[in-house]
Amino acid sequence: MCMRCDGYSSEEIERHSDLLIRVHGFLIQQVEADPPWTYTIGAHESWSRPELIVLDIDAGAQARLIRAVADDYLTFAEIRPSTLELLDIELVTVHEAHFGGGLVAAWEERYSLSATTGDFLQIVPGRSWFCDRHETMVRRLDDPSSSSG
């Protein structure tokens, strides 16, 4: 359940978000949909880097994967190729065609901006994340014709 659904005011949510970003450099926003997706808020604010988004794997794995990739931002000010290889992931720029339908609504609300190409990188899980039947099921948000959520 989200904080708003739990009865928190917009001001309380904003203060909580500010605290998380000041302490950790970002916060993780999970969208409970079918299928769920997860993205960061604060990476650009903290490190002048694109935000991260991941879909098409278990919600818990999405959050852990974002944390692992964001650790490189925090420690090395970049995402190292060794991290990409170790985690079997690829990073692709999210095409602007996927924004505007609520994909990153909390980010857009926080910054009073419409997301555009370059604001987000999608973490695309590699083949090792899936069984043979599902390895081609990953939606790629660098493709403007792909369904985003």
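In this text, all values refer to a predicted model and were calculated from it rather than measured experimentally.
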(request) Considering non-hydrogen atoms only, spot the tightest contact between G60 and D58 and give its length. (result) N-OD2, 3.0 Å
(request) Return yes if some donor-acceptor pair links the side-chain N/O of E51 with the main-chain N/O of G42 below 3.5 Å, else return no. (result) yes
(request) Each residue besides V23 in its hydrophobic cluster should be listed here, by chain and number; the cluster joins Ile, Leu, Val, Met, Phe, Trp and Tyr at side-chain heavy-atom distances under 4.5 Å. (result) L19
(request) For G118 and T93, work out which heavy atoms get closest and say how close. (result) N-CG2, 3.6 Å
(request) Under the side-chain contact (heavy atoms from CB on, under 4.5 Å) rule, what do L103 and W37 come out as? Steps first, then yes or no, please. (result) CA-CA 9 Å; L103 181 68; W37 67 93; 3.7 Å; yes
(message) As a test of understanding, state which of I21, L27, V104 forms a side chain to side chain contact (heavy atoms under 4.5 Å, CB included) with R110.
(response) I21
(message) Can you confirm whether or not the ring centre of F26 sits under 6.0 Å from the ring centre of Y73?
(response) no
(message) So does L113 get a backbone contact from the side chain of W107, meaning a donor-acceptor N/O pair under 3.5 Å?
(response) no
(request) Check the surroundings of atom CD in E12: do more than 12 heavy atoms from other residues, nucleotides or ligands lie under 6.0 Å from it? (result) yes
(request) Taking D88 for its side chain and S128 for its backbone only, find out whether a donor-acceptor pair lies under 3.5 Å. (result) yes
(request) For D119 and T116, indicate whether the former's side chain and the latter's backbone hold a donor-acceptor pair under 3.5 Å. (result) yes
(message) Is any side-chain heavy atom of E90 closer than 4.5 Å to one of R140?
(response) yes
(request) Would you check if F99 and S114 make a side-chain contact, meaning some heavy-atom pair closer than 4.5 Å? (result) no
(request) Could you check if a side-chain atom of H44 sits within less than 4.5 angstrom of a side-chain atom of Y111, using non-hydrogen atoms only? (result) no
(request) Decide, yes or no, whether a salt bridge links D71 with R80 under the criterion of side-chain N to carboxylate O below 4.0 Å. (result) no
(request) With the side chain counted from C-beta on, respond yes when L121 and L52 share a heavy-atom pair under 4.5 Å apart, and no when they do not. (result) yes
(message) With a 4.5 Å cut-off on side-chain heavy atoms, are P125 and V138 touching?
(response) yes
(message) If the condition is side-chain contact (heavy atoms from CB on, under 4.5 Å), which residues does T38 pass it with, not counting sequence neighbours?
(response) I28, Q30, V54, Q62, I66
(request) For H98 and T117, indicate whether the former's side chain and the latter's backbone hold a donor-acceptor pair under 3.5 Å. (result) no
